[in-house]
2 protein chains.
Amino acid sequence: MKNIGEVYPKAPSLCNCMNIRRASRATTQFYDEVLKSSGLTIAQLSLLRHIEGGELPTISELANMMRIDRTTLNRNVKPLVDAGMIVINPGKDSRTRQLALTEVGREVVVKGWELWGEAQASLKEYLGEDDLAKIIQLLSKLEALVP
Amino acid sequence: MKNIGEVYPKAPSLCNCMNIRRASRATTQFYDEVLKSSGLTIAQLSLLRHIEGGELPTISELANMMRIDRTTLNRNVKPLVDAGMIVINPGKDSRTRQLALTEVGREVVVKGWELWGEAQASLKEYLGEDDLAKIIQLLSKLEALVP
DNA sequence: TAATTATTAGTGTATATACACTTAATATTA
DNA sequence: TAATATTAAGTGTATATACACTAATAATTA
């Protein structure tokens, strides 16, 4: 298991938005470090995994699933296409395009998913069951700030 | 056509990193929207406010205060210098440079700070005292994941 | 069916993030 | 004091984020 690192006392900011932004950066850095040998960031792994959930999604469907801005997703897809992990095919509708994983993409996800499990388990152990459940609930409520 | 946003329920993700990343995006969008008329983002307002806390900081000192990567801060400072809100003077040490607010910067902070208070109060009302206190505590613990 | 509206995707622009690396200057040590 | 190590800042590169806008296509309506 990863060494989670020494806990220094760091007082929260007055601003709660900055508090969550710092926590988000730290959590991302932690997951990205664990995923490092897979060559994926946590954002990329999440994207790839959402493609295989059910029907092959269009850009807009994937953005809705991931609850991320569509134009952001559009940009995030590009390096994964360049790396040969995603292919973009014509969709049923001439306006749409369908995303799919390549064989390379599937292989990378397998590796990344394994490492992700370690990060996820470390976090669970670090926070404890109760605090983990509570923060999931509270983050969900924060997310609902925006429609 | 059916509304895709309602097809996918807003349940938390399996991945706790994505949960916090989504919550961070939503909270940022909420604060940015409230701050809109000031012309500042919450990240920019926070940066400007940290300059006036005590001694005028160098880039590295400010990065430590804000607990953000120094090179990120370096980039974030630029648009505020371009907008005439910050000036960069030589520091005591030839290696260092000292940041200070301009008169324009101080004026913008006054306006932004007022709006920030509204956003902060809205969030407090939205979450409630107990949940707000709890999430501040948990976010602080998450932040300590990284040294 | 022609005109209008809605949907889907993409682009321009700008900020936010951070790792790897470089340069310059100060501080420490052999 | 000369060599080395440390510190501060900046740059190259790349991903992540999102608003405003455009273009193309499909769906709806007059």
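So that the names make sense, note that chain A is the first sequence line, chain B the second, and so on, each numbered from 1.
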Atom pair distance, as rounded to whole Å: [atom1] in [X] and [atom2] in [N]:
X	N	atom1	atom2	answer
A:Asp69	D:dA20	CG	P	11 Å
B:Leu35	C:dT15	CG	P	16 Å
B:Arg95	D:dA5	CZ	P	16 Å
B:Ile20	D:dA16	CD1	P	17 Å
A:Asn74	D:dT22	CG	C1'	14 Å
B:Ile42	C:dT17	CD1	P	12 Å
B:Arg70	C:dC21	CZ	C1'	11 Å
A:Asn64	D:dA18	CG	P	14 Å

Using a 6.0 Å cut-off, check whether atom CD of A:Glu114 has over 12 heavy atoms from anything other than its own residue.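 Count not over threshold, so no.
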More than 12 heavy atoms of other residues, nucleotides or ligands under 6.0 Å from CD of B:Glu129: is that the case?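 No, because the 6.0 Å sphere around CD of B:Glu129 holds 12 heavy atoms or fewer from other groups.
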Would a single hydrophobic cluster contain both B:Val77 and B:Val87, if residues Ile, Leu, Val, Met, Phe, Trp and Tyr are joined by side-chain heavy-atom contacts under 4.5 Å?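 They do not share one cluster, since no chain of ILVMFWY contacts under 4.5 Å joins B:Val87 to B:Val77.
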B:Arg21 side chain near D:dT17 phosphate (N/O to OP1/OP2, under 4.0 Å):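 Yes, such a contact exists.
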Determine: side-chain N/O of A:Thr96 to OP1/OP2 of D:dT25, distance under 4.0 Å, yes or no.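 For A:Thr96, the contact criterion (side-chain N or O under 4.0 Å from OP1 or OP2 of D:dT25) is not met.
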May I ask you to say what B:Asn76 touches in the nucleic acid, namely base, sugar-phosphate or nothing, with a heavy-atom cut-off under 4.0 Å?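 The residue B:Asn76 makes base contact.
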Taking A:Asp130 first and then A:Lys134, would you say they form a salt bridge - that is, a charged N and a carboxylate O separated by under 4.0 Å?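 Result for this pair is no, no salt bridge flagged.
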Just checking, is any N or O donor in the side chain of B:Ser13 or B:Arg22 under 3.5 Å from an acceptor N or O on the other one?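 The answer is yes; a qualifying pair exists.
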Using only modelled atom types and a 3.5 angstrom limit, is any donor from either the side chain of B:Arg25 or the base of D:dT17 paired with an acceptor on the other?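 Between D:dT17 and B:Arg25, which were checked side chain against base, a qualifying N/O pair under 3.5 Å is absent.
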Please compare A:Lys36 and B:Ala43 by the position of their nearest nucleotide in DNA chain C and report the one closer to 5'.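 Upstream on the strand: B:Ala43.
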Hey, which of these two, A:Thr71 or B:Thr41, hits DNA chain C nearer its 5' end, going by closest nucleotide?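 Looking at DNA chain C, the more 5' nearest nucleotide goes with A:Thr71.
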Consider the side chain of B:Thr58, meaning its heavy atoms from C-beta on, and name the nucleotide among C:dA9, D:dC19, D:dA9 that approaches it most closely.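 Ranking C:dA9, D:dC19, D:dA9 by closest atom to the B:Thr58 side chain puts D:dA9 first.
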What's the closest nucleotide to the B:Arg75 side chain, out of D:dT25, D:dT17, C:dA18?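 Of the options given, the side chain of B:Arg75 lies nearest C:dA18.
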5' priority, DNA chain D, between B:Gln29 and B:Ser60 [closest heavy atom]: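 Mapping each residue to its closest nucleotide by heavy atoms, the 5'-most match is B:Ser60.
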